[in-house]
Amino acid sequence: MKKLAIAFLLLLCTSLPAQDKKPFRWGTDPTGGAPFVYQDDDGKYIGFEVELAAYLAKKLDREPKMVAGDWSNLPQQLNKSPDVEGGIDVVLNGYELQEDLAGKYLPTRPYYVFRVVLMTRKDNPAIRGWSDLYQRGGERKTVGVLGGTVAQEYLEKTFQKQIELLSNPDVANVIKLVRDKRLDATVQDSPAATYFLKEYPELAAVGEPVRPGFYVIYCRQDDKELVAKLDAAIADGIKDGTLQKIYEKYGLWTDDQERLLYWQSQPWPPPFHPEAEGKGEEKKDAPSPLPRLSRELAEAAWVTIKLSFLSFPIAMAIGLAVGVGRVYGPRWVRVPFTLYVEVIRGTPLLLQLFIIYYLIPDLLARSGIGFLGDLGRALTPMVAGVLGLAINYSAYEAENYRAGLLAIPKGQMEAAQALGMSRFAAIWHVIVPQAIRIVIPPVTNDFIALFKDTSACSIILVVELTRKYNELFNFNRNLIVELAFLTAGLYLLMSYPLSIVARRLEHRLASLKGGAA
Amino acid sequence: MISVTSLTKFHGTHRILNAVSLTVNKGEVTALVGPSGGGKSTLLRCINGLETFQSGEVDVVGQKLAGGKPFDPKSLQKLRQKVGMVFQQFHLFPHMTALENVMSGPRYALGKSRAEAEPLARKLLERVGLKEKADSKPANLSGGQQQRVAIARTLAVQPVAILFDEPTSALDPAMATEVLAVMRDLAAEGQTMIVVTHDMDFAERATVVHRMKAGEIVKSGPPNEVLKDHS
């Protein structure tokens, strides 16, 4: 005990000098990946933004402290005090200068000028430039993007329904899908494109990088002093070549960056609607985006409904088979079925979806057997999502049915067999119908739970309700409350009728009880 | 028609039946009486293979069960279609109506269609006095009515013999009377049956009575001989 106390004191002493400096807490999402913020082989965080943050902290005479969070929720962290657990001073993670964000938070001057880059396989003759993305008779091209990014917004505006746009929270996954010919192309911010073109020699950038935009750092509205200091530090870094050195290290220095210096002395932020200048009325009359957003949410809700109603019947069928096998099957059936239930229940749904959509097709492709590889490539996100949910929930349904089967009095089986029924006939006609009735309440509960679990499918490029909400609020942060209520309302609208059905079924079930003795 | 030859059954080291032998002729009503725990119900359950036994043999019109090894499912199923069983707790199928219960044997054991099974099932329900309850679920029937449906259900597979395992013990006297009336009618029509019962009125009308005690048949004979010391 004493030793421990001394050790603690020592620790306190050694950490004291570091605490002299105020921390510079910068919020970022390290899963967003290279070359912004990522881990090297030793697990150390590197990336051009890590070095930028270190440089800025040094100029501010503060201690850089990286705070990890979910990318699309980083700005919300600024609404909280910086001194709470996970609190931040700034958001620094490839955030663009956007009107809605700039209205709520204070942006610094730009530290990087990016563009969006179209990438595809080198050996894909069908896409040699942006215009090849337009649908010309044949099937729509599948294009993967990072959800909620400028690239997604650009593609939606430019190509609308001409392409099949698939969004995903992870860049590396999308890039791999393009390499494996499971997506036609992807559009990424230029830093990510630069990095991944180096990593994946099978890929090439096609067409010109388009739509330049500024990466800025966002601070609290009342943190004018900090913004001024950061602006000065950025300007110094541009003038003395520090930023150029950092960017060159990661291969990110482009001609566009020459404009950075110019923007350090211009009015900031520049007008967002230069064409509307002077005609002040125009902006006020702009139609509210809410009807459009509602429609988009409703479309995503339909995806949620499809996922649920397609997967749950499969889950019930597999669950019933596994449940019956575990209760009545011979040993060689019981053992593997028990294993199945334990493995599926004991691993997260996200991981299972990941394995089904990414790993299995990858293994099939590597098997070298042609049709298996084709089968893997043909696996769409929707099918993988339905399969994943069905398999995951089948384990829970198997347990429900098992409990139901065990609750049927022994006399039922004896009476059926005494009539001369085979064991199978007795199970199928006498035991199972009763067990199914008994477990209606827990099974309906699981269906409602599955409804909400469909959101996990966003990691495999299925845009369902939760995912859609996340992406929409990225571009409409001034409507964040409205969007949240709309989304919650849609979920309620879908699950409440189910609750009513469940209650009705339970009532009917109660009236059947009592005759089992 | 039914013969049991030196049937012995153990539960662990506890001997429940000790070399029991018994013969039942066609058209006879055999009553098994005696104190609880004497092995009456177990004997009945051995006859249609609901219980295995260590040694001895059961023979129901040529379908045999031998002790000491697990029963072959196919021959067990054949034997059960020949000998029906009525339970103390009825064991009706609660998710089926009375009519569906009666049709369940013909449909799911004998493979008949609903159309084939229904006329006989309705006739049997009428015979046990429950014609108008055909569409009722068991939960909406009294105990006596449930037991009568159970008898009709057993009759529907047209067994050569029926085993009754204390069919009135779970019923109050009024309901027991209606069930016993049905059983007497069956006996009068020449239905072969073995009945485990505590009802002395019924036992008195049996063809043969066996008194069982501690796993053995201690006395057999016509009712007036076997029952007189105890009544």
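Proteins come first, then strands; the chains are lettered A, B, ... in the order of their sequence lines, and each starts at number 1.
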Could you report the tightest heavy-atom contact between [X] and [Y], atom names first, then the distance?
X: A:A415; Y: B:F93; value: CB-CE2, 4.1 Å
X: A:V430; Y: B:M96; value: CG2-CE, 4.4 Å
X: A:L419; Y: B:T154; value: CD2-CA, 4.2 Å
X: A:E414; Y: B:R45; value: OE2-NH2, 2.6 Å
X: A:M421; Y: B:Q77; value: C-NE2, 4.0 Å
X: B:Q81; Y: A:G420; value: NE2-O, 3.2 Å

What part of B:F87 is in contact with chain A, defined as an atom under 4.5 angstrom from a non-hydrogen atom: side chain, backbone, both or neither?
->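 For B:F87, the contact with chain A is made by the side chain alone.
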Please flag which part of B:V86 lies under 4.5 Å from any non-hydrogen atom of chain A: side chain, backbone, both or neither.
->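 No part of it gets close to chain A.
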Chain B: which of A:A418, A:A425, A:A416 shares the most heavy-atom pairs with it under 4.5 Å?
->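 Heavy-atom pair counts peak at A:A418.
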Would one find more than 12 heavy atoms of other residues, nucleotides or ligands at under 6.0 Å from atom CZ of A:R345?
->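 Atom CZ in A:R345 is packed in, count exceeds 12.
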Is the closest side-chain heavy-atom distance between A:Q434 and B:P94 below 4.5 Å?
->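 Yes, their side chains come closer than 4.5 Å.
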Rounded to the nearest 0.5 Å, how far apart are NE2 of A:H429 and CD of B:E100?
->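 A:H429 NE2 to B:E100 CD: 12.0 Å, rounded to 0.5 Å.
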